Amino acid sequence: MIQKGELTDINSGKLGLGQPGQHVNKAWVEWKGRQYEYVLSLGLFRIIDFAGNKLTGEIPEEITSLLQLVALNLSGNNLTGGIPLKIGQLKQLESLDLSGNQLSGVIPSSTASLSFLSYLNLSYNNLSGKIPSGTQLQTFNASAFAGNLALCGLPVTHKCPGEEATPRPLANDDNQGNETVVDEFRRWFYTALGIGFGVFFWGVSGALLLKRSWRHAYFRFLDEAGDWIYVKIAVQKARLQHIYQRLLS
C-alpha cells in the first residue's frame with residue numbers, strides 16, 4: 001500500500017518520506033540487503049522505477065517535490081486515485097510511464113508545462129476528460145492514451161463535447177425571402193445595364209457609320225475640342241513662365 005509519505009522500492013523495501021500526511025526531506029532506501037539514509041539529497045533523485053511491483057494505493061503528492069527527477073516509471077501496478085495535480089513542478093521530467101494501473105480522474109493541466117517530456121505512457125487506466133492542450137502532449141502518439149475510453153481531444157480521435165462541428169442553422173423564411181428579392185434585383189439590374197450599353201454603343205456607332213454629315217460633324221467636334229484644349233494649355237504655360245521670370249528678376 002502506498003500512502004502519503006510512503007513508497008515501496010523495486011526490492012520490496014520501503015522509501016520512507018516521513019509519517020502519512022507529513023513531509024520530511026529524508027529517505028531510507030533498502031538496496032541489496034543494505035539500508036541507506038538520504039537526508040538532504042532526497043530532492044536530487046533522478047530516476048524512480050517501481051514498474052511491475054503490485055503496488056497499491058495512491059501516488060503521493062510528495063513525489064512532485066523531487067524537482068530533479070528525469071524519469072518516473074510506476075507502470076504495471078494497481079495504483080488508484082488520480083495523477084498528482086502538481087506533477088507539472090517536475091520541470092526536468094523526460095520520461096513518465098503510469099500505464100497499466102487503475103488511475104482515474106482527469107489528466108492535470110500542469111502536465112502541459114512539462115517541456116522536456118519526450119516519452120509518455122498513460123495507457124490502460126481509467127482516466128477521463130479532455131487531454132490538456134500543450135505543445136508536448138499533442139505531439140505524442142494516440143497509443144500513449146489508449147485504453148482510457150473516457151479521454152477526449154487530440155491526439156486521440158474521440159472529440160470532446162462541444163467540439164463536434166455543428167451544422168449551420170437554416171435561414172428562416174424571412175431571410176430566405178429577402179435573399180430571393182436581392183438576387184432577383186441583381187439579375188435584372190445587370191441585364192438592363194448590358195442592354196443599355198449595347199443600345200447606346202451600336203446606336204452611336206451605327207449613326208456615325210450611316211450618316212456622313214454626322215460623322216463629319218463628330219470629327220470636326222473632336223478637332224475643335226483638341227484645338228481648344230491645346231490653346232488653354234499653351235496660354236496657361238505662357239502665364240506660368242511669365243510669373244516665374246518676374247520672380248527671378
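Reckoned from all heavy atoms, side chains included, excluding hydrogens, waters and symmetry mates. Keep in mind it's a predicted model, so treat the numbers as computed, not measured.
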- Message: Strictly distance-based, threshold 3.5 Å: is any side-chain N or O of N126 a donor or acceptor partner for the main-chain N or O of S128?
- Response: no
- Message: Counting C-beta onward and ignoring hydrogens, is there a side-chain heavy-atom pair between Y124 and N101 closer than 4.5 Å?
- Response: no
- Query: Heavy atoms, side chains only, cut-off 4.5 Å: are N121 and L96 in contact?
  - Reply: no
- Query: How about F145 and P155: do any of their side-chain heavy atoms sit closer than 4.5 Å?
  - Reply: yes
- Note on the structure: Looking only at heavy atoms, the pair that brings P84 and P108 closest together is O-CG, 3.5 Å
- Measure from the side-chain N and O atoms of S95 to the backbone N and O of A71, and report whether any donor-acceptor pair falls under 3.5 Å. no
- Task: Ignoring hydrogens and angles, tell me if any N or O in the side chain of N78 forms a donor-acceptor pair with the backbone of T80 under 3.5 Å.
- Result: no
- Message: How long is the straight-line distance from CD1 of I63 back to NZ of K86, given to the nearest 0.5 Å?
- Response: 14.5 Å
- E58 versus G81, closest heavy-atom pair with distance: CG-CA, 4.1 Å
- Item | Exercise: identify the closest heavy-atom pair between S123 and S143 | CB-O, 3.6 Å
- Message: With a 4.5 Å cut-off on side-chain heavy atoms, are V70 and I47 touching?
- Response: yes
- L90 meets the side-chain contact (heavy atoms from CB on, under 4.5 Å) criterion, sequence neighbours left out, with L69, I87, L93
- Task: Kindly compute the distance separating CG (L66) from CD (Q92), expressed to the nearest 0.5 Å.
- Result: 12.5 Å
- Query: Can you find a heavy atom in the side chain of I59 that is under 4.5 Å from one in the side chain of I83?
  - Reply: no
- Note on the structure: Output for pair (L79 CG, S104 OG), nearest 0.5 Å, gives 11.5 Å
- Report the distance from atom CG of L247 to atom NE2 of H242, rounding to the nearest 0.5 Å. 10.0 Å
Please report, to 0.1 Å, the donor-acceptor pairs under 3.5 Å made by any side chain of residues 222-233, with sequence neighbours excluded.
none

- Taking only residues two or more places apart in sequence or in another chain, which ones pass side-chain contact (heavy atoms from CB on, under 4.5 Å) with L149? none
- Task: With the side chain counted from C-beta on, respond yes when E61 and L85 share a heavy-atom pair under 4.5 Å apart, and no when they do not.
- Result: yes
- Task: Determine yes or no for a side-chain-to-main-chain donor-acceptor pair under 3.5 angstrom, with N77 supplying the side chain and F50 the backbone.
- Result: yes
- In Å, rounded to the nearest 0.5 Å, how long is the span from NZ of K91 to OG of S113? 3.5 Å
- Item | L127 and V106, any side-chain heavy atoms less than 4.5 Å apart | no
- Query: Would you find a donor on one side and an acceptor on the other, under 3.5 Å apart, between the side chain of S118 and the backbone of E94?
  - Reply: yes
- Message: Tell me if a side-chain donor or acceptor on N148 pairs with a main-chain N or O of A150 at a distance below 3.5 Å.
- Response: no
- Item | For N73 against S75, the heavy-atom pair lying closest together | OD1-OG, 2.7 Å
- Hey, does L137 have a side-chain heavy atom less than 4.5 Å from the side chain of T111? yes
